[in-house]
Amino acid sequence: LADTVVACCGFRPDDTLWSEVQVHQCYATSGPMKLAAALMSASGGAGDCLAQVSHGPETLQTPEPGLLVLGMKSYGRSSAFLLKVGHQQVQDAVVLLKGLAAA
């Protein structure tokens, strides 16, 4: 049948990785503030979650230099995360990292 079941819904994200550094969290979603604000303004709390796209590299940045929160954790408690958006976030992160390396 199945050796492993991965449940990816209905939980509060574990923020212990960034609890001691400068990451502003959204009070509504517990996700990083820039991305949470972009998600809420884009959808207004409704809409077709399948139509969403990445909101760009700038929304992944946090006040902590060099720290990016990607994937499911970046959406906090929001259930609208899609794996395709996670892939786009990785591409956006590479753009940011290339910019840091060039500077």
Side-chain angles (χ1 to χ4, degrees):
L1 295 173
D3 292 332
T4 305
V5 175
V6 179
C8 296
C9 61
F11 66 94
R12 180 179 212 106
D14 180 5
D15 64 357
T16 56
L17 289 172
W18 65 79
S19 64
E20 298 297 325
V21 295
Q22 299 178 49
V23 174
H24 298 146
Q25 286 187 310
C26 174
Y27 299 109
T29 66
S30 298
M33 189 62 80
K34 283 185 181 180
L35 181 59
L39 290 170
M40 288 204 272
S41 67
S43 69
D48 183 6
C49 74
L50 295 176
Q52 66 181 310
V53 295
S54 174
H55 290 277
E58 63 281 349
T59 61
L60 300 177
Q61 293 179 312
T62 65
E64 188 67 30
L67 179 68
L68 306 174
V69 180
L70 307 175
M72 183 71 177
K73 288 190 183 296
S74 70
Y75 272 52
R77 290 182 283 185
S78 173
S79 62
F81 177 75
L82 296 174
L83 190 55
K84 84 170 187 170
V85 173
H87 292 162
Q88 291 170 345
Q89 285 180 337
V90 170
Q91 292 172 346
D92 291 342
V94 169
V95 168
L96 289 173
L97 294 174
K98 283 183 179 178
L100 289 174

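- The two residues Gln89 and Tyr75 make their nearest non-hydrogen contact at NE2-CE1, 4.0 Å.
- Of all heavy-atom pairs between Ser78 and Met72, the closest is O-CE, 4.4 Å.
- Two residues are said to be in side-chain contact when any heavy atoms from C-beta on lie closer than 4.5 Å; Leu35 and His55 meet this criterion.
- Distance alone, capped at 3.5 Å, places no donor-acceptor pair between the Glu64 side chain and the Val21 backbone.
- For Val95, the side-chain contact (heavy atoms from CB on, under 4.5 Å) partners at least two apart in sequence or on another chain are Pro57.
- Side-chain contact between Lys34 and Gln61 is present, with at least one heavy-atom pair separated by less than 4.5 Å.
- Between Leu68 and the options Val90, Thr62, Leu96, a side-chain contact (heavy atoms from CB on, under 4.5 Å) holds for only Leu96.
- Side-chain contact between Cys26 and Met40 is present, with heavy atoms from C-beta onward closer than 4.5 Å.
- In terms of heavy-atom proximity, Arg77 sits nearest to Ala28 at NH2-O, 3.0 Å.
- Between Leu60 and Ala93, the closest heavy-atom pair is CD1-N, 4.1 Å.
- Atoms OG1 and OH, from Thr29 and Tyr27 in turn, are 12.0 Å apart once rounded to the nearest 0.5 Å.
- Residues satisfying the side-chain hydrogen bond (donor to acceptor under 3.5 Å, both in side chains) criterion with Ser19, sequence neighbours excluded, are absent altogether.
- Every residue two or more places apart in sequence or in another chain was checked for a side-chain hydrogen bond (donor to acceptor under 3.5 Å, both in side chains) with Thr59, and none qualifies.
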